[in-house]
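Right, one structure below, let's go through it.
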Amino acid sequence: MLWPPLSDYKYTSGRQATEDDINSGAAVFMLQIEGKSIGRPIDLLIPQYAVHIDQETGERSNVIVIQAEENDESQVIGAINIKTNEYLAALKYEFEFLGNLKQETE
């Protein structure tokens, strides 16, 4: 399977995600406590190609990173699985980041 062009994906970069971003498919999550946003954008190239490694099963999935935010406790990445088109949110250390140059192999 070839990786799709990054231009096919909406994303949120350089700011906190909003409900509108989530509803439009440009973000996966909002970091909140009691309805108050607590997320800060992470200085990470977005969008970009990456591999998500499931920490329980070791399964590797090719993804497009569309969001990256942090709070005082964690760094969270929002991504889309390119095989299933499912959205996922996981901790930053669960990803291998590949950059924005088109990947040619799975």
Side-chain angles (χ1 to χ4, degrees):
M1 170 191 296
L2 294 179
W3 292 73
L6 293 173
S7 60
D8 289 354
Y9 295 86
K10 297 178 184 179
Y11 60 90
T12 301
S13 179
R15 62 178 174 78
Q16 294 175 332
T18 65
E19 278 191 51
D20 287 342
D21 293 323
I22 292 171
N23 293 336
S24 73
V28 180
F29 62 88
M30 290 173 49
L31 295 177
Q32 294 184 327
I33 292 179
E34 298 177 3
K36 182 179 181 239
S37 291
I38 60 167
R40 298 179 302 271
I42 297 172
D43 185 18
L44 185 73
L45 179 65
I46 296 176
Q48 74 167 288
Y49 300 103
V51 176
H52 173 256
I53 301 105
D54 185 291
Q55 298 301 294
E56 291 181 13
T57 66
E59 181 181 348
R60 298 170 65 86
S61 302
N62 294 341
V63 301
I64 306 295
V65 174
I66 63 167
Q67 177 185 9
E69 293 186 31
E70 66 183 349
N71 62 22
D72 293 338
E73 298 176 11
S74 59
Q75 294 184 314
V76 184
I77 304 298
I80 301 173
N81 181 312
I82 65 168
K83 189 174 182 180
T84 65
N85 285 321
E86 293 178 344
Y87 290 85
L88 68 104
L91 297 175
K92 185 179 177 187
Y93 71 83
E94 298 179 60
F95 293 87
E96 290 178 9
F97 299 100
L98 305 174
N100 64 354
L101 298 179
K102 186 160 181 173
Q103 304 295 307
E104 295 299 330
T105 60
E106 184 172 356

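Computed from heavy atoms alone, side chains included, the values below leave out hydrogens, waters and symmetry copies.
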| said: Show me the pairs that pass side-chain hydrogen bond (donor to acceptor under 3.5 Å, both in side chains) and involve residues 39-50, at least two apart or across chains. | reply: Arg40-Asp72
Spacing of [atom1] belonging to [X] relative to [atom2] belonging to [Y], to within rounding of 0.5 Å:
{"X": "Glu73", "Y": "Ile38", "atom1": "CD", "atom2": "CD1", "result": "7.0 Å"}
{"X": "Ile80", "Y": "Asn85", "atom1": "CD1", "atom2": "CG", "result": "7.0 Å"}
{"X": "Leu6", "Y": "Ile66", "atom1": "CG", "atom2": "CD1", "result": "11.5 Å"}
{"X": "Asn100", "Y": "Ile46", "atom1": "CG", "atom2": "CD1", "result": "11.5 Å"}

| Transitive ILVMFWY side-chain link Leu45 to Phe97, under 4.5 Å | no
| request: Group every Ile, Leu, Val, Met, Phe, Trp and Tyr by side-chain heavy-atom contacts under 4.5 Å, then state whether Leu101 and Ile64 land in the same group. | output: no
At their closest point, which heavy atom of [X] faces which heavy atom of [Y], and how far apart are they?
{"X": "Ala68", "Y": "Ile77", "answer": "CB-CD1, 3.6 Å"}
{"X": "Thr18", "Y": "Asp21", "answer": "N-OD2, 2.9 Å"}
{"X": "Ala27", "Y": "Thr12", "answer": "CB-OG1, 3.7 Å"}
{"X": "Gln75", "Y": "Glu70", "answer": "NE2-OE1, 3.0 Å"}
{"X": "Met30", "Y": "Ser37", "answer": "CE-OG, 4.2 Å"}
{"X": "Trp3", "Y": "Ala50", "answer": "CH2-O, 3.3 Å"}

| Run the side-chain contact (heavy atoms from CB on, under 4.5 Å) check on Tyr87 and Ile22 step by step: do they pass? | CA-CA 10 Å; Tyr87 290 85; Ile22 292 171; over 6 Å; no
| task | Run the numbers on Val76 and Glu69 for side-chain contact (heavy atoms from CB on, under 4.5 Å), then give the verdict. | result | CA-CA 5 Å; Val76 184; Glu69 293 186 31; 5.7 Å; no
| request: Take Val51 and Asn62 through the side-chain contact (heavy atoms from CB on, under 4.5 Å) test and state the conclusion after the steps. | output: CA-CA 5 Å; Val51 176; Asn62 294 341; 3.8 Å; yes
Quick one: does any side-chain atom of [X] pair with a main-chain N or O of [Y] as donor and acceptor, under 3.5 Å?
{"X": "Gln16", "Y": "Gly39", "result": "yes"}
{"X": "Gln67", "Y": "Val28", "result": "yes"}
{"X": "Ser61", "Y": "His52", "result": "no"}

| task | Please tell me if the side chains of Tyr9 and Pro47 come closer than 4.5 Å, counting only heavy atoms from C-beta onward. | result | no
| query | Which pairs, with at least one residue in residues 21-47 and sequence neighbours excluded, count as a ring-ring contact (aromatic ring centres under 6.0 Å, His included)? | reply | none
| Tyr11 atom OH, over 12 foreign heavy atoms within 6.0 Å |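 12 or below, so no.
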| Full working for side-chain contact (heavy atoms from CB on, under 4.5 Å) between Leu88 and Glu94 | CA-CA 12 Å; Leu88 68 104; Glu94 298 179 60; over 6 Å; no
